[in-house]
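A quick write-up on the structure given underneath.
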Amino acid sequence: MLKAILCVCAFGLCIVVALLLTRRYRQRKEFFYSWNLFNERLINEVSYMRAPLAKFIERYSFGGDFQKMLHEKKEGEFDRGNYNFSYLSADEQKFLEDYFRLVGKSDAASQRAYLCAVRAEIGERKHVSEEEYKKYFSLYCKLGVLAGLILVILIVYCGGGM
């Protein structure tokens, strides 16, 4: 009975560790999804409503770290760089900083042109992050199951006379 409980706990622990290892990729995927959604909504906002950026941020809800970042920065602090997210590369952090440095700083036509110009790049980064998540999620889950099975086998066959 003790071996069975130990086997279940070891297997479950391996699965949990595998899921924790995919957290970085999930956060990255969610961040780029929210950023892409923000950009699309902002293009529509600039084209039709032309509300200030602070009111735009209050009107719509985005997810995770992106939402937290927006609420911290909505008081006109977008030009000050604190875009350090552990799951973004240095290039992605620089692109994010440049993006928010230019958003809301000029007339509507210039804003729309800029937002449409970066639409493809944000969409591509979103697509790449989704593909990485799918790949690594599958990989880590399989590795977690395999590690759990190996531990179960070791516990059952090498556990001695329990």
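No hydrogens, no waters, no symmetry mates; every other heavy atom, side chains included, goes into these values. These figures come from a predicted structure and were not determined experimentally.
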Legend entry - Which atom of Leu96 lies closest to which atom of Met69, heavy atoms considered: CD2-SD, 4.0 Å
Legend entry - pair Glu124-Val128: side-chain heavy atoms closer than 4.5 Å: yes
Inset, instruction - Kindly work out whether a path of hydrophobic side-chain contacts (I/L/V/M/F/W/Y, heavy atoms less than 4.5 Å apart) joins Val152 to Tyr157. - result: yes
Inset, instruction - Working to the nearest 0.5 Å, report the span between CG of Leu42 and CD of Glu45. - result: 7.0 Å
Inset, instruction - Give the C-alpha distance, both sets of side-chain angles, the deciding distance and a yes or no for side chain to side chain contact (heavy atoms under 4.5 Å, CB included) between Arg125 and Asp91. - result: CA-CA 11 Å; Arg125 290 174 191 250; Asp91 178 51; 3.5 Å; yes
Legend entry - Spacing of Arg23 atom CZ and Leu19 atom CG [to the nearest 0.5 Å]: 12.0 Å
Legend entry - Linked, directly or transitively: Leu146 and Val156 (ILVMFWY side chains, under 4.5 Å): no
Legend entry - Exceeds 12 heavy-atom contacts within 6.0 angstrom, atom OH of Tyr33: no
Inset, instruction - Mind listing the closest non-hydrogen atom pair of Ala147 and Cys14 along with its distance? - result: C-SG, 3.8 Å
Legend entry - Check ion pair Asp98-Arg101 (N to O, under 4.0 angstrom): yes
Inset, instruction - For Leu139, enumerate each residue passing the side chain to side chain contact (heavy atoms under 4.5 Å, CB included) test, keeping only those at least two apart in sequence or located in another chain. - result: Tyr136, Leu143
Legend entry - Parallel, tilted or perpendicular: rings of Phe66 and Phe100 (30°, 60°): tilted
Legend entry - Ile122 CD1 to Tyr99 OH distance, which is reported to the nearest 0.5 Å: 4.5 Å
Legend entry - Same cluster (ILVMFWY, side-chain, under 4.5 Å), Leu151 and Leu21: no
Legend entry - Closest non-hydrogen atom pair, Gln111 against Val46: CB-CG1, 3.9 Å
Legend entry - Gap between atom CG of Asn36 and atom CD of Glu121 - 0.5 Å precision: 12.0 Å
Inset, instruction - Measure the spacing between OH of Tyr140 and CD1 of Ile15 and express it to the nearest 0.5 Å. - result: 14.5 Å
Inset, instruction - With rounding to the nearest 0.5 Å, note down the distance linking CG in Asn39 to NZ in Lys126. - result: 12.0 Å
Legend entry - pair Tyr60-Phe38: side-chain heavy atoms closer than 4.5 Å: no
Inset, instruction - Mark yes when over 12 heavy atoms from residues, nucleotides or ligands other than Arg59 sit less than 6.0 Å from its CZ; otherwise mark no. - result: yes
Inset, instruction - Find out if a path of hydrophobic residues (ILVMFWY) with successive side-chain heavy-atom gaps under 4.5 Å connects Leu20 to Leu13. - result: no
Legend entry - Which atom of Arg41 lies closest to which atom of Phe62, heavy atoms considered: NH1-CE2, 3.8 Å
Inset, instruction - Apply side chain to side chain contact (heavy atoms under 4.5 Å, CB included) to Leu88 and Phe95, showing your working. - result: CA-CA 10 Å; Leu88 295 180; Phe95 180 63; over 6 Å; no
Inset, instruction - Please check if Ile150 and Val16 belong to a single hydrophobic cluster, counting links between Ile, Leu, Val, Met, Phe, Trp and Tyr side chain heavy atoms closer than 4.5 Å. - result: no
Legend entry - Nearest heavy atoms of Gly144 and Ala18, plus distance in Å: CA-CB, 3.8 Å
Inset, instruction - Flag yes if more than 12 heavy atoms outside Phe137 fall under 6.0 Å of its CZ atom; otherwise flag no. - result: no
Legend entry - Flag, side chain of Ser138 to backbone of Lys134, donor-acceptor distance under 3.5 Å: no
Legend entry - Non-hydrogen side-chain atoms of Glu92 and Phe85 separated by less than 4.5 Å: no
Inset, instruction - Please tell me if the side chains of Gln93 and Glu97 come closer than 4.5 Å, counting only heavy atoms from C-beta onward. - result: no
Inset, instruction - State which residues pass side-chain hydrogen bond (donor to acceptor under 3.5 Å, both in side chains) with Arg26; sequence neighbours excluded, sorted by chain then number. - result: none
